[in-house]
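Worksheet: one structure, shown below.
Values below: every heavy atom of this structure, side chains too, minus hydrogens, waters and symmetry copies. Quick caveat, the model's predicted, so the values are computed rather than measured.
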Amino acid sequence: MVLLAANIFWAIAYDTEYAMVDRNDDIHLGIHSSALFFGKFDVMAVMLCYGVTLALLAVAGLMAGLGWAYFVGLIIAEGIALHHYTLIKDRNREKCFEAFLHNNWLGAAVFVGW
């Protein structure tokens, strides 16, 4: 259940980054995206979701008795999430898309530590 919850929060984070790219199109088409739902708090919501994801992954690692390499992977993933903040903070479409595409590296950092 902990891993499922972590995955849900991670999906909300990267989906919102992608929705920030299409915000104007979503408004025009009447699509209810996470970026529109969070409104002016979209960046904060993304970062909060990354924080919850990483906290839940840390709990899962403790529950599974994983070693130091896993937690180093989480620290690297945290650095990647913080890099995403630098990309999305201005809500530039191209940078938000770059952050969305960059999520494979966040997942890779967790996986390699596993």
Side-chain angles (χ1 to χ4, degrees):
M1 295 305 292
V2 174
L3 288 176
L4 175 63
N7 191 39
I8 290 169
F9 278 98
W10 185 25
I12 293 169
Y14 68 71
D15 183 65
T16 303
E17 287 174 339
Y18 187 78
M20 291 168 73
V21 175
D22 292 334
R23 182 187 315 267
N24 294 336
D25 297 331
D26 292 348
I27 291 169
H28 179 70
L29 296 172
I31 297 172
H32 302 286
S33 70
S34 56
L36 293 178
F37 176 77
F38 293 126
K40 66 180 182 178
F41 301 107
D42 54 355
V43 174
M44 182 174 59
V46 168
M47 297 314 297
L48 181 63
C49 286
Y50 279 134
V52 171
T53 297
L54 293 170
L56 288 171
L57 288 174
V59 169
L62 291 172
M63 291 172 64
L66 299 179
W68 64 269
Y70 177 73
F71 294 96
V72 169
L74 289 184
I75 291 168
I76 293 169
E78 179 183 7
I80 292 169
L82 291 172
H83 174 63
H84 285 205
Y85 173 75
T86 67
L87 294 172
I88 68 172
K89 65 183 171 83
D90 296 325
R91 296 175 178 86
N92 175 281
R93 290 175 66 141
E94 290 79 21
K95 294 293 186 178
C96 290
F97 190 61
E98 183 181 339
F100 166 75
L101 292 176
H102 199 251
N103 269 280
N104 61 329
W105 292 107
L106 192 143
V110 175
F111 177 74
V112 168
W114 194 274

Next item on the list: Report the relative orientation of the aromatic rings in Tyr70 and Trp114; use parallel for angles under 30°, tilted for 30 to 60°, perpendicular for over 60°.
Entry: perpendicular
For the student: nearest non-hydrogen atoms of [X] and [Y], plus distance:
X	Y	answer
Ala99	Ile88	CB-CG2, 3.7 Å
Ile31	Leu36	O-CD1, 3.2 Å
Leu54	Ala77	CD2-CB, 3.8 Å
Met47	Ala81	CE-O, 3.2 Å
Ser34	Ala19	OG-CB, 3.8 Å

Next item on the list: Check Thr53, Ile76, Ile80 against Leu106 for a side-chain contact (heavy atoms from CB on, under 4.5 Å) and give me the one that passes.
Entry: Ile80
Margin query: Does Tyr18 have more than 12 heavy atoms from other residues, nucleotides or ligands lying within 6.0 Å of its OH?
Written below: no
To the nearest 0.5 Å, what is the distance between [atom1] ([X]) and [atom2] ([Y])?
X	Y	atom1	atom2	result
Glu78	Leu82	CD	CG	5.5 Å
Phe71	Leu57	CZ	CG	10.0 Å
Met20	Asp26	CE	CG	12.5 Å
Phe97	Asp22	CZ	CG	9.0 Å
Ser33	Ile27	OG	CD1	8.0 Å
Leu29	Asn24	CG	CG	11.0 Å

Checklist line | Working for side-chain contact (heavy atoms from CB on, under 4.5 Å), residues Phe38 and Ile12 | finding: CA-CA 11 Å; Phe38 293 126; Ile12 293 169; 4.1 Å; yes
Next item on the list: Apply side-chain contact (heavy atoms from CB on, under 4.5 Å) to Phe9 and Leu56, showing your working.
Entry: CA-CA 9 Å; Phe9 278 98; Leu56 288 171; 4.1 Å; yes
Check: Is Val110 reachable from Leu62 through a run of hydrophobic residues whose side-chain heavy atoms are each under 4.5 Å from the next?
Finding: yes
Next item on the list: Flag yes if Tyr85 and Tyr14 sit in one hydrophobic cluster, no otherwise; membership is Ile, Leu, Val, Met, Phe, Trp, Tyr, and two members link when side-chain heavy atoms are under 4.5 Å apart.
Entry: yes
Next item on the list: Sort and list the pairs that fulfil side chain to side chain donor-acceptor pair (under 3.5 Å) and have at least one residue in residues 93-110, not counting sequence neighbours.
Entry: Trp10-Asn103, Glu17-Asn103, Tyr50-Asn103, His84-His102
